[in-house]
Amino acid sequence: MRFTRLFGRTLRTDPAEAETPSHRLLLKAGMIYPFASGVYAYTPLAVRSLHKIEAIIREEMSAAGAQEVKLPALQPLDLWQQTGRAEAFGPILFRLRDRRERDMVLAPTHEEVITLLVRAFVRSYRDLPISLYQIQTKFRDEPRPRGGLIRVREFEMKDAYSFDADEEGLEASYQAMVRAYRNIFDRCGVPAVMVEADSGAIGGKDSHEFILPTPVGEDTILLCRACGYAANAERARSRKPPVPKPDPLPLEEVHTPGIKTIEDLAGYLGIPRHQTLKAVFYNADGRIVFVAIRGDLQVNEVKLKRVLKATDLRLATDAEVAQAGLVAGSASPIGVKGIPVVADDSILMGGNFVVGANRPHYHLRNANYTRDFHADTIADIALAEGGHGCPRCGTPLHAERGIEVGHVFKLGTFFSERLGAFYLDREGQQKPIIMGCYGIGLGRLLSAVIEKNHNEAGIIFPSSVAPFQVCLVGLNLDDPQVAQQADALYRALLQAGMETLYDDRLETAGVKFNDADLLGIPVRVVVSPRTLRQGCAEVKGRKALQGEMVPLAEVAEKVRLLLQSL
RNA sequence: CGGGGCGUAGCGCAGUGGCGAGCGCGCCAGGUUUGGGACCUGGAGGUCGCCGGUUCAAACCCGGCCGCCCCGACCA
């Protein structure tokens, strides 16, 4: 491709709206163009990279035994009502109405239709197992798109689904996908780590995310360097910081004027935070719940939601708290009546806690569980944090931010039961098909590639996903001699099967070098009067500081070797 | 949905009531340059986000709305 014919344009100034590196570089390179919040057009450079990613995914899916299908993005709403997911997705779900007034959705994911498709064709255990995948546009009306392609409202996703007759089959399908995912991220230059993930409202079994660690990521993960335990913070267990368990002292009231937060309380009384109990109030599907947790810990709402078996969980409003007869800031589990109390198991560690007195400006010292108060449920509802002990080996965990680039999930029979996808087993018994689902966001993966592979000058694409392998830069092309040699070299590179971007613009060297660096093409070849005096071209890897002079006839071979070594 | 920032040329920005709305970059034409974002000359390019109000006069003041970015909430 000649640069003068390439559709698109690089920017000289950094786009003001972008903060994360991948967002900034995608815009600056002219690879994407915004049309609305979280809605982008992709120019040929981006499309070429996305096609590379797709090709890798298709190869690995195929190797894992999955077959490609294409499912509708436009779907009837009633499918989503049958599984209850219209409700579960809520405002995320894009809805519309057709000319016959039929309610439709733009699909955010495709479990419903794939299940129905499989139901239509699968009758017997002999038809199983089967794995299907597609690369399809998804629509999600996200509350807050961000980071360029990291979180958008319209995006390409590879979604795969496995269908098995039994749990062992599901496990095998799952492991095959996990292997495929490792290969895909490896080949794309994205060192993603696989972490345990929350399985969400569907309540399936195993679920893992593939996370690229980077400070711009939206997720927090906890990792153990000693034993390899790794989990999303939503899911992670931890050994909570141990505290002494003192002999119980008598309960006593203490005046705490204006003290409301744990921080202030601990400071005012000169005690560590772990000697206080925090009270937090939630509204779980409309009922108020009192949650107690040791003062040095935070509530993990995902765990709490699971414990409560709630579908909708949020912090209670001040009005709801007051109406329940609780005093925010001085609330106490002591003497709570008519409100369910859920306590984190951390209240069993330690004692003589300071708790609210249920009247303003007073707290109680030396509260001890069972002697002084009661909890209806005791469970692990704490957020694991960096520094806590690894749940397996006790080594301190460390926390990191990251981008979720892939997710694998054992769905079980949630969809097959609701949508009637059954098969007949050997004994002629009707059974629900056991499902798994596996997703990779393509644009997000492209962003992750760039987050992990860039420097001040621009993108540094791994050759596997680079839009072009070689950038041939001709300098002083208004000199017919140079133009002739550069054109010849361009033909030679194409002849040798190299994807070549030929910068044939009449621009100065600086402009061309900067664009070559910005676009991140792995190998740069320069032809100029200077190199031609030696009968050479300069060949340089994107990351190299210095190029190498190579005789014109050997350039294609040299480029090939260089690409192999990257 | 809460908090913050911002909407003026393709991009980055200036312009706090008064000539015909500016600067840099980019773009077009001509010339000079030529190995890390060159220079000269001449040009093209604008519903100042939208609607309403105040005023002799509004990019600028007032009200409402819309949009974009960032933080948080949210994210089967």
Side-chain angles (χ1 to χ4, degrees), chain A residues 8-20 23-24 27-28 30 33-40 80 83-93 107-112 138 140-148 150-153 155 159 197-204 207 209 216 218-219 232 234 301-302 305-306 311-315 317 404 407 409 411-412 414-415 418 435 437 439 441 444 456-458 473-479 482 503 505-518 524 526-533 537-538 540 545-547 549:
Chain A
R9 172 182 297 284
T10 59
L11 304 178
R12 291 213 178 184
T13 45
D14 278 357
E17 68 193 49
E19 300 201 355
T20 62
H23 189 194
R24 180 172 56 80
L27 286 170
K28 197 175 181 196
Y33 182 84
F35 278 94
S37 182
V39 178
Y40 288 90
W80 292 77
T83 55
R85 294 214 300 172
E87 179 89 350
F89 269 95
I92 302 277
L93 195 62
T109 174
H110 285 73
E111 282 81 4
E112 279 79 2
K138 309 286 197 235
R140 296 183 186 179
D141 198 355
E142 295 286 350
R144 184 152 94 81
R146 72 186 105 185
I150 289 174
R151 187 168 211 84
V152 287
R153 298 194 296 166
F155 59 102
D159 46 323
D198 181 64
S199 50
I202 294 175
S207 173
E209 290 170 345
V216 305
E218 304 178 287
D219 290 271
N232 191 303
E234 291 179 346
E301 295 185 5
V302 173
K305 198 168 171 177
R306 185 180 290 273
T311 55
D312 186 37
L313 181 75
R314 59 172 173 79
L315 283 171
T317 63
E404 178 193 345
H407 197 159
F409 195 155
L411 291 173
F414 181 94
F415 292 97
R418 278 164 184 75
M435 294 173 56
C437 71
R444 185 182 282 187
E456 323 72 54
V473 176
L475 299 180
N476 303 87
L477 289 174
D478 46 353
D479 176 342
V482 182
D503 193 344
R505 297 175 298 173
L506 296 174
E507 289 286 353
T508 57
V511 171
K512 294 188 172 195
F513 291 158
N514 277 301
D515 275 344
D517 287 349
L518 173 62
R524 188 185 79 188
V526 179
V527 179
S528 72
R530 185 187 294 184
T531 65
L532 289 174
R533 275 197 288 278
E538 182 207 64
K540 175 186 165 300
L545 297 172
Q546 284 284 318
M549 295 299 268

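Just so we're on the same page: letters track the sequence lines, and every chain starts at 1.
- Between A/E17 and A/P34 the shortest side-chain heavy-atom distance falls below 4.5 Å.
- Whole-Å rounding puts the A/L506 CG to B/rU32 P distance at 14 Å.
- When heavy atoms are screened at a 4.0 angstrom cut-off, A/E301 is found touching the sugar-phosphate backbone but no base atom.
- With both ends at atom P, the span from B/rG7 to B/rU16 equals 13 Å, rounded to whole Å.
- Salt-bridge formation is not detected for the pair A/R418/A/E112: no Lys NZ or Arg NE/NH1/NH2 atom is positioned less than 4.0 Å from an Asp or Glu carboxylate oxygen.
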Applying side-chain contact (heavy atoms from CB on, under 4.5 Å) to A/N232 and A/D198, what does each step give before you reach the verdict? CA-CA 7 Å; A/N232 191 303; A/D198 181 64; over 6 Å; no
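- Between B/rC19 and B/rU33, the two C1' atoms lie 40 Å apart (nearest whole Å).
- Heavy-atom minimum distance, A/L475 versus A/A509: CD2-CA, 3.7 Å.
- Atom P of B/rG45 sits at a distance of 27 Å from the matching atom of B/rG52, rounded to the whole Å.
- Within 4.0 Å of A/R153, counting heavy atoms only, lies no atom of the nucleic acid at all.
- Between the side chain of A/R524 and the base of B/rG36, a donor-acceptor pair under 3.5 Å is found.
- Within the 4.0 angstrom heavy-atom criterion, only backbone atoms of the sugar-phosphate kind lie near A/G147; the bases stay farther away.
- Put simply, CD on A/E19 is 6 Å from P on B/rC70, counting in whole angstrom units.
- Residues A/T83 and A/E111 form no side-chain contact, since every pair of their non-hydrogen atoms from C-beta on lies 4.5 Å or further apart.
- Comparing B/rG35, B/rC68, B/rA38 by their closest approach to the side chain of A/T508 singles out B/rA38.
- Closest to the side chain of A/E142, from the set B/rG35, B/rC75, B/rC68, is B/rC75.
- Candidate nucleotides B/rG36, B/rC69, B/rU34 were compared by shortest atom distance to the side chain of A/S37, and B/rC69 ranks first.
- Between B/rG26 and A/R12, a contact under 4.0 Å exists linking OP1 or OP2 to a side-chain N or O.
- Side-chain proximity of A/A509 to the nucleotides B/rA76, B/rG12, B/rG35 is greatest for B/rG35.
- Across every strand in view, B/rU32 sits in a pair with B/rA38 that passes the Watson-Crick or G-U test at under 3.5 angstrom.
- Contact annotation for A/L475: base contact, defined as any heavy-atom pair under 4.0 Å involving a base atom.
- Across all strands, A/R144 comes closer than 4.0 Å to base atoms (heavy-atom distances).
- Taking atom CD of A/E507 as the reference point, atom C1' of B/rG37 lies 9 Å away to the nearest angstrom.
- A gap of 27 Å separates the P atoms of B/rG5 and B/rG10, to the nearest Å.
- Pair assignment for B/rU55: none, as no Watson-Crick or G-U wobble contacts are both less than 3.5 Å.
- Nearer the 5' end of RNA chain B, as judged by each residue's closest nucleotide, is the contact made by A/A16, out of A/A16 and A/I92.
- Rounded to whole Å, the separation between the P atoms of B/rG17 and B/rC25 comes to 29 Å.
- At the heavy-atom level, A/R146 lies under 4.0 Å from base atoms of the strands shown.
- For the C1' atom pair drawn from B/rC56 and B/rC70, the interatomic distance equals 43 Å after rounding to whole Å.
- In this structure, B/rG2 forms a base pair with B/rC71, meeting either the Watson-Crick or the G-U wobble geometry with both donor-acceptor distances under 3.5 Å.
- In this structure, B/rC27 forms a base pair with B/rG43, meeting either the Watson-Crick or the G-U wobble geometry with both donor-acceptor distances under 3.5 Å.
- Using C1' as the reference atom, B/rG46 and B/rU55 are 25 Å apart when rounded to the nearest Å.
- Taking the P atom of each, B/rC1 and B/rC39 are spaced 49 Å apart, rounded to whole Å.
- Counting only heavy atoms from C-beta outward, the side chains of A/E301 and A/E234 never approach each other to under 4.5 Å.
- Whole-Å rounding puts the A/R530 CZ to B/rG35 P distance at 6 Å.
- With values rounded to the nearest 0.5 angstrom, A/H23 atom NE2 is found 9.0 Å from A/I150 atom CD1.
- Base pairing of B/rC50: its partner is B/rG64, meeting the Watson-Crick or G-U wobble criterion (both donor-acceptor distances under 3.5 Å).
- Within the nucleic acid shown, A/A36 comes within 4.0 Å of sugar-phosphate atoms alone, with no base atom in reach, counting heavy atoms only.
- Base contact: A/S528 has a heavy atom under 4.0 Å from a base atom.
- With hydrogens and angles ignored, a donor-acceptor pair closer than 3.5 Å exists between the side chain of A/E538 and the base of B/rG35.
- As the counterpart of B/rG17, no nucleotide is assigned, since no Watson-Crick or G-U wobble pattern has both distances under 3.5 Å.
- Atom CD of A/E218 is separated from atom P of B/rG72 by 9 Å (rounded to the nearest Å).
- Counting any heavy atom pair closer than 4.0 Å across all strands shown, A/D14 reaches sugar-phosphate atoms only and no base atom.
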